[in-house]
Each structure stands twice: as structure tokens, then as C-alpha cells.
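Beneath this line is the structure, given in C-alpha cells, with notes to follow.
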Amino acid sequence: ILNFLNKYNYNYSEKNNSIFVKLELAQQVKIEFDEPNKIIIKSTTFLAFNHNKDVYVENLQKRINISDLQEYIKSL
């Protein structure tokens, strides 16, 4: 989602597990990630969302492709 927003120069802000997208005419869209699949491995929290090929590490800022997850866990 963040790649899409950045690619098309949307203004947005992040707070907790939500992304607020600022649209024209003072409209705002809120995208909530309240119930991701939370996985804790070696004291590291991973967030996985249905139908998404990426896994987020600790928060929505750092993500890795699910195909790279095994190697990432080995590096912990």
C-alpha cells in the first residue's frame, strides 16, 4: 500500500496500525490494519495480511517478501 501511495504522490500519515490518506477537497480515507496475523519469532514481531505477499517486521515501515522470510529469520 505504501509503495502505491508513494508512486502516485498521495499525501498520507501513519498512526498506530492505520494509514490516513489525504485526498482533494478535504476528504480523508483511513486504512486500518487492526487485525493482521501477528507472528513472533525470536522476540521479533512479524505482521502478515491476507492476500499480501509481503511480511512486515515490527511495524509497517520495514517489509520483506514472504519468499525471503526464512533467510531473514536465520539472520536474527
Side-chain angles (χ1 to χ4, degrees):
I1 290 176
L2 295 179
N3 281 344
F4 175 84
L5 295 174
N6 289 324
K7 180 178 179 179
Y8 294 101
N9 295 320
Y10 282 98
N11 291 321
Y12 66 91
S13 61
E14 297 176 68
K15 184 176 181 181
N16 299 324
N17 286 331
S18 299
I19 298 172
F20 296 89
V21 182
K22 298 172 184 131
L23 303 174
E24 294 179 17
L25 304 173
Q27 294 180 0
Q28 185 169 305
V29 174
K30 180 180 179 183
I31 303 170
E32 289 190 45
F33 296 100
D34 283 341
E35 296 187 33
N37 298 306
K38 186 176 177 181
I39 306 156
I40 300 173
I41 301 172
K42 296 184 180 179
S43 301
T44 302
T45 302
F46 297 90
L47 304 174
F49 299 93
N50 294 336
H51 311 292
N52 192 333
K53 294 180 182 180
D54 292 324
V55 175
Y56 296 85
V57 182
E58 299 294 347
N59 57 39
L60 297 175
Q61 295 297 315
K62 183 174 183 179
R63 70 178 182 180
I64 56 173
N65 191 284
I66 196 140
S67 64
D68 299 325
L69 183 59
Q70 184 175 5
E71 287 301 316
Y72 185 88
I73 292 169
K74 286 179 184 177
S75 72
L76 294 177

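Scope of the values below: all heavy atoms of this structure, side chains included, with no hydrogens, waters or symmetry mates.
When all heavy atoms are compared, the tightest approach of L76 to I41 is CD1-O, 4.0 Å. In terms of heavy-atom proximity, N6 sits nearest to Y12 at OD1-OH, 3.1 Å.
Looking at S13 and K22, their side chains come closer than 4.5 Å, going by heavy atoms from C-beta outward.
For CD of E58, the number of neighbouring non-hydrogen atoms (other residues, nucleotides, ligands) closer than 6.0 Å is greater than 12. By the 6.0 Å contact criterion, OH on Y10 is open, its count of non-hydrogen atoms from other residues, nucleotides or ligands being 12 or less.
The aromatic rings of F4 and Y8 are tilted relative to each other, their planes meeting at an angle between 30° and 60°. Ring geometry, F46 versus Y72: the interplanar angle exceeds 60°, so the pair is classed perpendicular (tilted spans 30 to 60°).
Expressed to the nearest 0.5 Å, how far CD1 of I73 lies from CG of D68 amounts to 11.0 Å. Remark: K38 NZ to T45 OG1 distance equals 5.5 Å, nearest 0.5 Å. Here L69 contributes atom CG and D54 contributes atom CG; the two are 11.0 Å apart, rounded to the nearest 0.5 Å. Interatomic distance, OH of Y56 versus NZ of K62, reported as 14.0 Å (0.5 Å rounding).
Between the E14 side chain and the I19 main chain, no donor and acceptor come within less than 3.5 Å of each other.
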